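Because the structure is predicted, anything quoted here is derived from the model rather than measured. Because only heavy atoms are used, hydrogens play no part in the values below, and waters and symmetry mates are left out as well, while side chains stay in. Sequence positions, counted from 1, serve as the residue numbers for this chain.
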Amino acid sequence: MIHITSLNEGLDIFKALGSDIRVQLLNILMENGSLSMNQLAAQLNITNGALTGHIKKLEDCGLIKISNESSGHGNQKICSVKPDKILIELEHAVEYANTYSTNIKVGQFTSHDICPTCGLATNKTVIGELDDIRYFNHPDHFNADIMWFTKGYVEYTIPNLIPRNNVITQISFSMEISSEAPGIDNNWPSDISFYINDILVGTWTSPGDYGDVRGMFTPDWWPPNWNQYGLLKLIVINKKGTFLDGLKISDVTSSSLALDFNSTIRLKMAVEDDAKNIGGLTLFGKSFGNYGQDINVNLSYSPITQS
């Protein structure tokens with residue numbers, strides 16, 4: 001996959017794709033898998049000399065690869081498409097004054113109580129055995145980039161490194177998340193609850209456990225009938241209440257949480273025993289899914305006022 005994060009970074013690719021012939025060339029390769037230079041020239045109805053220039057531009061920016069194949073007529077150059085995806089992300093994170101930001105890996109939970117189906121995996125391999133909760137205590141769980149379970153909770157301790165003598169005025173956290181179905185099921189609702197220091201701040205119903213297409217960042221080795229991607233959800237707790245993607249979901253405020261520079265902050269995500277929809281939970285880290293991020297946390301703060 002090619003991941004473009006700025007216009008300047010993607011300039012060569014944009015230029016390469018600014019030609020009808022080169023776009024047609026890529027379409028032909030995607031339909032056929034790989035072709036020789038002679039076959040491509042014939043299909044495009046251009047000379048081999050003209051084709052060489054187009055091939056070089058596409059090769060230089062990483063869109064195609066060239067290999068040599070021996071035949072009865074000597075070596076032939078074989079062309080094929082190199083990346084399977086191009087992701088363009090032009091939105092940069094905004095840096096706010098008086099805000100401490102941190103990222104927490106999916107596997108860096110500090111406590112848990114979960115039920116199968118369940119599992120963990122790094123970007124290279126499954127950790128231990130599927131549906132064996134013992135591996136949630138294995139040291140390798142800290143390296144997990146995806147995690148799933150049917151019922152229960154995982155809890156994370158959020159680093160609180162705001163300056164001394166300050167109070168937290170807003171907490172925001174975002175993650176890529178979905179339900180957990182046996183296999184995959186895009187219509188598999190699950191009520192997922194979020195807690196700060198054991199205070200329920202809100203519940204969101206995940207629509208499903210998505211697997212219709214492979215996630216943008218999901219590794220190639222990951223089976224196609226397993227969780228592929230989730231939805232990016234943003235929860236913000238401020239003085240007006242708790243909001244999910246901008247919609248108020250509870251009256252819990254940052255003031256009622258009473259957090260300052262000395263506070264321990266625990267974030268819990270749970271599928272409760274008494275939930276209407278017990279459809280599990282899957283968390284995607286930066287090597288899985290569509291968003292390439294871990295659990296992102298922002299703590300906004302202001303000086304403690306003396307009364």
Looking at every heavy atom in both [X] and [Y], which two are closest together, and how far apart are they?
X	Y	result
Leu281	Ala270	CD1-N, 4.4 Å
Phe149	Met269	CZ-O, 4.2 Å
Asp294	Gly285	OD1-CA, 3.9 Å
Trp221	Asn123	NE1-O, 2.7 Å
Tyr100	Pro159	CE2-O, 3.3 Å
Ser178	Ile192	O-CD1, 3.9 Å

Would Asn277 and Ser190 satisfy side chain to side chain donor-acceptor pair (under 3.5 Å), going step by step from the backbone distance to the final call? CA-CA 5 Å; Asn277 300 294; Ser190 185; over 6 Å; no
Answer with yes or no whether the side chains of [Y] and [X] bring together a donor and an acceptor at under 3.5 Å.
X	Y	value
Ser101	Asn298	yes
Ser302	Thr169	no
Ser179	Ser206	yes

Linking I/L/V/M/F/W/Y whenever any side-chain heavy atoms sit under 4.5 Å apart, do [X] and [Y] land together?
X	Y	result
Leu299	Ile304	yes
Trp226	Leu231	no
Phe243	Leu267	no
Ile78	Val81	no
Val106	Trp204	yes

[atom1] of [X] to [atom2] of [Y]: how many Å apart, nearest 0.5 Å?
X	Y	atom1	atom2	value
Ile28	Cys79	CD1	SG	11.0 Å
Asp260	Arg164	CG	CZ	11.0 Å
Asp212	Gln228	CG	CD	9.0 Å
Asn187	Asp209	CG	CG	11.5 Å
Phe288	Met147	CZ	CE	12.5 Å
Ile196	Arg266	CD1	CZ	9.5 Å

Are the side chain of [X] and the backbone N or O of [Y] linked by a donor-acceptor pair below 3.5 Å?
X	Y	result
Glu176	Gly289	no
Gln170	Asn238	no
Thr117	Asp131	no
Thr205	Pro189	no
Trp188	Gly279	yes
Lys15	Lys57	no

Side chains of [X] and [Y] in contact at under 4.5 Å (non-hydrogen atoms):
X	Y	result
Asp140	Thr122	no
Phe284	Leu232	no
Leu120	His138	no
Asp191	Glu272	no
Phe173	Phe194	yes
Asn103	Gln293	no
Glu155	Asp198	yes
Ile171	Ser254	no

(request) May I have the step-by-step check of side chain to side chain contact (heavy atoms under 4.5 Å, CB included) for Phe142 and Ile127, ending in yes or no? (result) CA-CA 10 Å; Phe142 290 104; Ile127 297 173; over 6 Å; no
Exercise for review: Given side chain to side chain contact (heavy atoms under 4.5 Å, CB included), test Ile168 with Leu257 step by step and report yes or no.
Suggested key: CA-CA 9 Å; Ile168 294 174; Leu257 293 175; over 6 Å; no
Discussion item. Between Phe109 and Phe136, does the side chain to side chain contact (heavy atoms under 4.5 Å, CB included) criterion hold? Intermediate values first, please.
Written reply: CA-CA 9 Å; Phe109 48 85; Phe136 277 66; 3.7 Å; yes
- Message: Can you tell me if Asp20 has over 12 outside heavy atoms packed within less than 6.0 Å of its CG?
- Response: no
Asn45, CG: over 12 other non-hydrogen atoms inside 6.0 angstrom
no
Under the side chain to side chain contact (heavy atoms under 4.5 Å, CB included) rule, what do Asn290 and Tyr210 come out as? Steps first, then yes or no, please. CA-CA 11 Å; Asn290 283 339; Tyr210 300 102; over 6 Å; no
Exactly one candidate in Ile295, Ile265, Thr110, Leu259 meets side chain to side chain contact (heavy atoms under 4.5 Å, CB included) with Ile158; the answer is Ile265
Margin query: Closer than 4.0 angstrom, basic N to acidic O: yes or no for Asp145 and Lys286?
Written below: no
Using the rule given for side chain to side chain donor-acceptor pair (under 3.5 Å), can you reason through Asn227 versus Glu180, listing the C-alpha separation, both sets of side-chain angles and the distance that settles it, and then say yes or no? CA-CA 8 Å; Asn227 330 55; Glu180 157 53 19; 2.9 Å; yes
